[in-house]
Every structure is written in C-alpha cells, then in structure tokens.
There are 2 protein chains.
Amino acid sequence: MAPARTIEVPSTGFESRLAASDLTWDKPTCGMAPGYLQANLIVLPSKSAKDFEILCARNPVPCPLLAKSASSGDFNNFISCVPGVSDEKIAAGIDIRTDAPRYNIYRDGVLVEEKIASVEKYWESDHVALLIGRSYSFENALAAADLTPPHVLNDRNVTMYRTNIPLCAAGGFIGGKYVVSMRMYKASEVEKVRDITRAYVTTHGEPIAWGWDGMRDIGIKSLERFDWGDAPVLADGQAVVQSEEEGKPDGYVPVFWGCGVTPQEAVMKAKTPGIVIGHAPGHMVVLDVKEEDVLRK
Amino acid sequence: MAPARTIEVPSTGFESRLAASDLTWDKPTCGMAPGYLQANLIVLPSKSAKDFEILCARNPVPCPLLAKSASSGDFNNFISCVPGVSDEKIAAGIDIRTDAPRYNIYRDGVLVEEKIASVEKYWESDHVALLIGRSYSFENALAAADLTPPHVLNDRNVTMYRTNIPLCAAGGFIGGKYVVSMRMYKASEVEKVRDITRAYVTTHGEPIAWGWDGMRDIGIKSLERFDWGDAPVLADGQAVVQSEEEGKPDGYVPVFWGCGVTPQEAVMKAKTPGIVIGHAPGHMVVLDVKEEDVLRK
C-alpha cells in the first residue's frame, strides 16, 4: 500500500498522472491541474488505429487528435499530432496503462469492464493509444470573459446530443455522426462566444451551429431530449424549457460545439474487433501540454 | 509580343506556370504536367483570408489547404500548409498574379470579370493568396488500378452536386455546405476505390458517401439533377439513368468525394467584401509539389 500522500488537487499534468497511477486519485479529473490539457483516451488494435487516425484527420472539429503511441505496443512514448508541440511536451514519463484514474474495456465492441484502475493485463503488443482533445480549455477562456457556461456555474455536466451531421468516413469507420455539446447563451452574446472559442482549434474551436433554426438544421428537434450529460440549464440554474425560450428577442439560444464523445461513438458503431480501451467517462488523461501551447495564433 | 515557343504540353509545374505567365498557354490545365499537383486559387483580403484558413482547417476533406502567401500582399512567396512539404517545394519563382492561365474577379461577392490573363491591376497590398488541393491526383491512382473514372474515359467533366452536409463555420464563413464530385463504379469495386483514394488526404482522400442510400443521406435526390460539370456517364459512355441502375445486384452505384468547388461556394455565399480573385474554372495553378510528396504514409 502506498503511503498516504499530501496532494489534494494536483496542479500539473505530471502530478495528476502520478496521483492516478498510485491510486491516490480515482475520481473524475474535472478541476485537476487548471490550464493543462485533458485528453480523451482510445486504445485500438493497430489496423483500426490507422483508420481512426485518418478519421480524426478528416473530422478534426469533433475528433481533434492530440497525440498517438510512438509505435504499436508502446505505452510510454507519444508522438505529438499538434503542429508546434514537440513529442517531449505531451506527457513526460507517462504509462498510459495506469495514468488515467479509471478505464473502460470493450471486447468486439461490447463493454466488458467498467471503471477499472489500470489496464496492464489488457494491454497488447499490437495496441496503439490515441489522445483526443476536449473542450475544458475553451470553457476556461469563456469564464475569463464573463461568459462561464451555465452548466459550469451550476456544477453540472454539459448537455450532449446526437446530430444528423455525417462524419467523413475513414476505412472501417463508416456511418458515424457528429455528437455536439450545448451551452445556452443570449442571442447577443453568440458572436463574442464564437470569437473567444475560435482559437481553440485542437479542442473543438468555435461552435458549429447556434440558434433555434441552427438546432433543427443539425437534426435536433428538442433541447429537452438530450443523449448524454445533464439536462440543460440557464446561467441562473433554471431548467431550459424550449417553448418558453424560443422566439424571445435576445432570449437564450442553444450554441453547439463538436464534442469528444463523437470518436467514442464512432468506435462503438464500428464494433472494432478485439480489445479496445477507453478512459471511464470524466476520468481523463491529463497532459503536460498547456492550453496556451495549442492556441491558433 | 513573346517569340513563339516550342513547349506543347508543359511537363513540370515550373514549365506550366511559365507557359501561363507568358500567355503561350491560356487553356484549362487538365493534362498538363502529369504527376504534379494542381491547385484551386482563392485570393482574399487578409481578414477574410484568416477566417478562410480556419474554415479549411475545420473542413479539410472538401477544403484541403496546400499553401498560402507568406505575408499579406506577397504574390511570390508561399508557406506550405502540408506537413512534410517544405515552403521551397510549393512553386519556385511563382508570381500568383500571372501564373494561372485565366482568372475570375469578384467585387463584394459579384463576378465582375471573367477569364482574364493576369490580375496585376487587381492585386492589393492586403491580399492573401490561398492554394487548395483538387482531385486530379487520386484519379491518376484510380486509372493506374484499372479503375479510371468514367468521365475521364469519356473526356468529360466530372459531375458535381450540392449536398446537405454543413461545413463547420469559421468566422465570416457561415452556412456553407459540402459540394461533392461523383463517379460511378460497380458496387463490388467500391471498397477498392476507397482503399486506393484513402492516402490522398490533401486532395479530398477517400469517398464521403456511396450507394443509393448514401446518396439520399447527403441530400441528393436524383443523379440527373446535377449542379456543375457534365451529366454523369458510365464507363462505356452511356448516360446514367438512375431508375435503370438502382437496385441492380452489383450494378453501378454513385460514389461521392469532397470537391474543391466547396471553398469557392463558401466564398460566394459569404459575399466577401472587396476584391476576391479566383482561377477561372479548369485553369488551375500547377505546383512543384508532386503527387507522391503529399501521400499519407
């Protein structure tokens, strides 16, 4: 048993991974190491990983690939996929088999184990780990501009929806659709929200749709019928009732971003043969890369 | 007047640009300099060019950005936007104001001049030129595998369609949709066609949809109602009659790729203020980059 440690909330990517690895941190990573990128993890057999990389290259808004295993089977060394970020800057000393707080395991597309602490016994010499960007970073930027997303103000999960927007196919990954996250803003705030999030190109960037017509264009009929996360709220914590909001001059409107659930859905849909490993929802891999390292100048 | 020259069909990018520049070549560039990349040209005021670059980064399948002016107003020097291709390799000694055979000019989103030989008098110190990939290269690869596209076999233009697939918005470029090019293949050939074109990531890559259901999913109701190019044909030159083809076991099915008309449409839709310059359709900029330089390994 490791001795009790004094770290409460790790303040760097390195400390976060250490805490996950020695089991002093087994909770969601929300709030850990502010300013450091947190990544979605997907581990795939090498043939599927190659197709998946192309899926990311073709659909960078919902699937922004940050880094990948340096070679098949390598759980320690990563290659950066972000221009201007060196390989060394991704995650020094990482062991991807232990450094997320919790993992899920899929066999032939079916979930077989949930929230396990390490995946050493599932790791194969043909496995390739892929790290994908997520939207925490632009939420901090919005907060800094007094546009904190309503779900953050109310300590809830962001609301997520399936859309009708097709992913560009890549090898075995066919028929996937964009998943989006949604945040409510006043109609008059939308341009500012777009401007602030535009530079976050490796973490979904600016919104892909907004407003009530925009919502219907991407195949979402009702905000109240969401697919993941918590029910949508306004900044004051009030539940969103679409019929009350819609049509108000400068009322609240939904704003939609590409979402990191998209790649996970694509993998599930593809029923990838063999063992696939993902982080358990919310239990991300915290990197050494800082938000300002990946901003588009 | 330049003396008559002996070049018939230029065999390199450099020769192609020289022939366009000294007016010995004023025709479409189809068939010029086999193996060299040909690019779509869009010249925009710098503020719009910045948004347009993000549009390309977010929608790389229909809008694969190859290179851009080294700085505002620079018509001679280009920065490569393709990983692994150096700036020097783009187009040595280019003058983008003269080196496409023909240009079109738009003012505030309206076409004001067509098929002019040079654009020196329209060039502004705030202009940025952007070069975007096109699908010639993967057509050569298909031909090499005995899968020559039907329109090439029959010396016609490829057939193009508007779709319902939204582009991810970027700054002033909002509400754009994918344009696709279409080539008919036997159902049994589709996987081979996908495999061959997959590596051509900077020139639209593998198809985004195929088959009759795939066609309807992207909002195309009838192959006979096309938006650009020539009417679709089969390999033997027969016109495509959808009602006769649809449902045949191993009959011909439509296969759709992202298309370089997409960025032009996005620019038109945005009604970009000021002077915008494009190549005249078919009259492309031929680069020094060769097809094998941009293949995904």
Side-chain angles (χ1 to χ4, degrees), chain A residues 50-51 53-65 79-84 163-178 180 190-191 193-195 197-202 204-211 213-214 216-219 255-258 262 296-297, chain B residues 50-51 53-65 79-84 163-178 180 190-191 193-195 197-202 204-211 213-214 216-219 255-258 262 296-297:
Chain A
K50 204 173 166 193
D51 286 351
E53 256 193 79
I54 299 179
L55 185 79
C56 291
R58 284 162 70 84
N59 302 282
V61 172
C63 312
L65 187 61
I79 293 175
S80 169
C81 301
V82 181
T163 73
N164 62 8
I165 308 173
L167 292 175
C168 289
F173 298 99
I174 298 173
K177 307 268 185 185
Y178 280 49
V180 290
V190 170
E191 276 311 301
V193 165
R194 295 184 66 217
D195 285 346
T197 53
R198 184 163 301 129
Y200 290 83
V201 284
T202 58
H204 308 305
E206 67 186 275
I208 60 169
W210 53 90
D213 288 345
R216 295 198 179 88
D217 284 348
I218 63 175
V255 182
F256 300 94
W257 278 265
T262 310
R296 189 181 183 97
K297 302 300 179 296
Chain B
K50 204 173 165 193
D51 286 350
E53 257 193 78
I54 299 179
L55 185 78
C56 291
R58 283 162 71 82
N59 303 280
V61 171
C63 311
L65 187 61
I79 293 174
S80 169
C81 300
V82 182
T163 73
N164 62 8
I165 308 173
L167 292 175
C168 290
F173 296 99
I174 297 172
K177 307 267 186 185
Y178 279 49
V180 292
V190 171
E191 277 309 302
V193 165
R194 294 184 67 217
D195 286 345
T197 53
R198 185 162 301 131
Y200 291 82
V201 283
T202 57
H204 308 305
E206 67 186 275
I208 59 168
W210 53 91
D213 288 343
R216 293 195 182 91
D217 284 347
I218 63 173
V255 182
F256 300 95
W257 278 264
T262 310
R296 190 182 182 96
K297 302 301 178 297

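To find a chain, count down the sequence lines: A is the first, B the second, and so on, and within it residues start at 1. Computed over heavy atoms, backbone and side chain alike; hydrogens, waters and symmetry mates excluded.
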**Study point:** Heavy-atom contact with chain B under 4.5 Å, split by part of A/Ala209
**Key:** neither
Practice item. Return the option, out of B/Asp51, B/Ile218, B/Ile174, with the maximum number of heavy-atom pairs under 4.5 Å with chain A. Key: B/Ile174
Exercise for review: Sort A/Trp257 into side chain, backbone, both or neither according to what part of it lies under 4.5 angstrom from a heavy atom of chain B.
Suggested key: neither
Review point. Is the backbone N or O of B/Gly171 less than 3.5 Å from a side-chain atom of A/Arg194, with the two atoms forming a donor-acceptor pair by type?
Key: yes
Please table the atom pairs, donor to acceptor, closer than 3.5 Å between any side-chain atom in residues 54-64 of chain B and protein atoms at least two apart or in another chain.
{"residue": "B/Arg58", "atom": "NE", "partner": "B/Ala169", "partner atom": "O", "Å": "2.7"}
{"residue": "B/Arg58", "atom": "NH1", "partner": "A/His204", "partner atom": "O", "Å": "3.2"}
{"residue": "B/Arg58", "atom": "NH1", "partner": "A/Glu206", "partner atom": "O", "Å": "3.3"}
{"residue": "B/Arg58", "atom": "NH2", "partner": "A/Glu206", "partner atom": "O", "Å": "2.8"}
{"residue": "B/Arg58", "atom": "NH2", "partner": "A/Pro207", "partner atom": "O", "Å": "3.3"}
{"residue": "B/Arg58", "atom": "NH2", "partner": "B/Ala169", "partner atom": "O", "Å": "3.2"}
{"residue": "B/Asn59", "atom": "OD1", "partner": "B/Cys168", "partner atom": "N", "Å": "2.8"}
{"residue": "B/Asn59", "atom": "ND2", "partner": "B/Leu55", "partner atom": "O", "Å": "2.9"}
{"residue": "B/Asn59", "atom": "ND2", "partner": "B/Cys168", "partner atom": "O", "Å": "3.0"}

Check your understanding: Most heavy-atom pairs under 4.5 angstrom with chain B, which of A/Pro166, A/Gly214, A/Gly258, A/Ala170?
Key -> A/Ala170
